[in-house]
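Reading through the structure tokens given below for one structure.
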Number of protein chains: 2
Amino acid sequence: MAALDGNSVEAAAIDPIPTLARQVMEQLRRDILEGAHPPGGRLRIESLRERYGAGASPIREALSQLAAEGLVLRVDQRGFRVALADSAMLRDLIETRCLVETAALRASIARGDAAWEEQVLVSHHRLARTPRSADPGRFLPNPEWEAHHRAFHLALLDGCGARALLAFCADLQDRALRFRYLSNQVAWPQRDVGAEHKAICEAAIGRQADEACALLEAHYRRTGHFLSAAAPREDLPTGQGPST
Amino acid sequence: MAALDGNSVEAAAIDPIPTLARQVMEQLRRDILEGAHPPGGRLRIESLRERYGAGASPIREALSQLAAEGLVLRVDQRGFRVALADSAMLRDLIETRCLVETAALRASIARGDAAWEEQVLVSHHRLARTPRSADPGRFLPNPEWEAHHRAFHLALLDGCGARALLAFCADLQDRALRFRYLSNQVAWPQRDVGAEHKAICEAAIGRQADEACALLEAHYRRTGHFLSAAAPREDLPTGQGPST
DNA sequence: GGCGGTAGTTTTGTCGATAAAAACTCTCCC
DNA sequence: GGGAGAGTTTTTATCGACAAAACTACCGCC
């Protein structure tokens with residue numbers, strides 16, 4: 001997931017036996033992304049200790065990392081809870097992505113070399129030939145498609161030549177992924193995302209900055225629209241018993 | 001420092017007795033920013049345990065958080081070390097800031113309301129009336145100036161209406177601050193940063209998007225130029241005894 | 001003389017226990 | 001009947017100890 005994070009990339013690649021804390025963190029992240037722990041829900045150390053079969057230290061460490069990543073919320077002396085995922089946050093996320101990623105895309109288009117162009121092309125090709133759903137009949141998330149989708153969007157921006165910016169974009173994409181997971185079964189197959197990706201790819205390679213940015217922005221805003229329409233029930237799932 | 005981080009803000013504001021891990025983290029961050037631990041240097045748990053008077057758990061937790069923040073580098077099973085701060089990273093940081101913050105500034109100028117305008121004005125005023133150096137004779141970092149400086153730059157972008165973006169900008173500013181600390185005594189008083197801030201402020205309030213962005217970008221690039229010129233010796237301080 | 005393997009030392013990652021803090025509950029009083 | 005308060009229970013934050021892994025230094029061998 002956070003494969004672009006400079007800290008983890010080399011260690012994860014070499015080490016065959018990741019540290020326990022890392023295993024817990026990755027499993028926990030998957031569980032949160034997939035909604036096993038509901039947004040706003042408490043994450044008690046003891047429960048997690050039991051569920052993931054580890055001592056308190058690795059659990060706590062995993063939670064700390066996820067907290068810094070924004071997926072988990074920590075309150076000193078009052079434990080951890082799953083980060084909220086309400087429609088206000090979704091709006092904010094979309095807004096941020098539109099602002100940041102169009103800037104990055106513009107820079108990519110202006111500065112990207114031949115290698116960038118080729119990478120955009122090939123990553124789009126891989127995405128295009130992968131079915132979005134693992135099941136042709138109904139929607140079932142296809143991990144391969146998710147990976148290619150992520151790679152394509154990052155490849156688009158990779159020409160900008162700013163690693164810190166790219167890492168942030170990768171992070172934003174992860175956050176967006178969470179919303180997609182939470183409201184499963186979204187906009188499929190009503191919407192032809194393949195065509196949208198194709199148009200973005202062509203505009204980018206054709207160095208049509210304005211058009212590419214407009215398409216990308218529309219792409220994100222449309223996704224946001226579908227998501228907030230599809231999952232209004234998740235808006236304020238926190239509750240969790242106020243003091244009274 | 002990371003006062004904009006949603007996780008810490010409320011806890012830190014209320015809790016009079018912060019958790020030990022938090023204390024260690026904040027002190028450690030300050031020490032790293034100020035160069036007490038050199039970039040690339042190892043951070044052994046035992047040494048830190050001794051230095052900060054805490055057990056291994058809080059130390060490890062503080063390191064985890066700083067690692068996620070980018071100030072500390074973690075390698076599984078091989079401990080922690082201070083993140084590098086070479087000129088390539090500085091370049092990358094500047095590039096990222098220029099791309100992201102001009103986008104944010106543009107959005108701020110387009111969307112910012114009266115409250116935003118006033119906040120920019122007042123934060124600039126506070127900055128302008130605070131001396132940059134705590135000592136009139138030579139350069140000595142003035143914490144008050146630093147705080148106002150940070151507030152001014154964030155106020156500029158605060159009109160964009162995207163909290164996630166703003167949080168990222170705050171993070172970028174912290175990273176930049178580190179470079180400033182590392183190469184102490186920089187460009188003072190050769191450079192009139194006050195005038196630069198004033199010009200940016202006026203262009204922003206006057207809704208001159210293009211000019212404000214150009215000024216902001218020049219502001220950052222100039223800083224980068226000074227920093228990399230002032231601290232060439234820090235370029236590759238890692239070394240740390242290769243295998244031979 | 002250089003290199004590979006091996007024993008010893010350091011350092012990390014993990015565990016279980018413990019003290020402190022928060023949350024909850026139940027009772028008593030108005 | 002409602003609310004405040006004391007006691008109990010849950011939960012967190014921290015510590016010290018231990019096992020596993022990495023690093024170091026040494027020794028023998030080619």
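Per chain, numbering begins at 1; letters A, B, ... match sequence-line order.
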Show me the protein contacts with nucleotides 7-9 of chain C, counting only N or O atoms at under 3.5 Å.
none

d(OH, B:Y52; P, D:dT14) in whole Å: 16 Å
In whole angstroms, how far is the P atom of C:dA22 from the CZ atom of A:R81? 15 Å
Does the pair [X]/[Y] count as a salt bridge with the N-to-O cut at 4.0 Å?
{"X": "A:R175", "Y": "A:D171", "value": "yes"}
{"X": "B:E144", "Y": "B:R132", "value": "no"}
{"X": "A:R29", "Y": "A:E34", "value": "no"}

At under 4.0 Å between heavy atoms, which parts of nucleotides 11-17 of chain C does protein reach? Answer with one letter per nucleotide, 5' to 3': B base, S sugar-phosphate only, - none. SSBBBS-
Measure the CG-OG1 distance between B:L166 and A:T96 for me, rounded to the nearest 0.5 Å. 9.0 Å
Looking only at heavy atoms, the pair that brings B:I94 and B:R221 closest together is CG2-CA, 4.1 Å
Can you classify the ring geometry of B:Y52 versus B:H37 as parallel (below 30°), tilted (30 to 60°) or perpendicular (above 60°)? tilted
Is there a donor-acceptor pair under 3.5 Å between the side chain of B:D92 and the backbone N or O of A:R163? yes
Which residues pass the side-chain hydrogen bond (donor to acceptor under 3.5 Å, both in side chains) test with B:Q119, not counting sequence neighbours? none
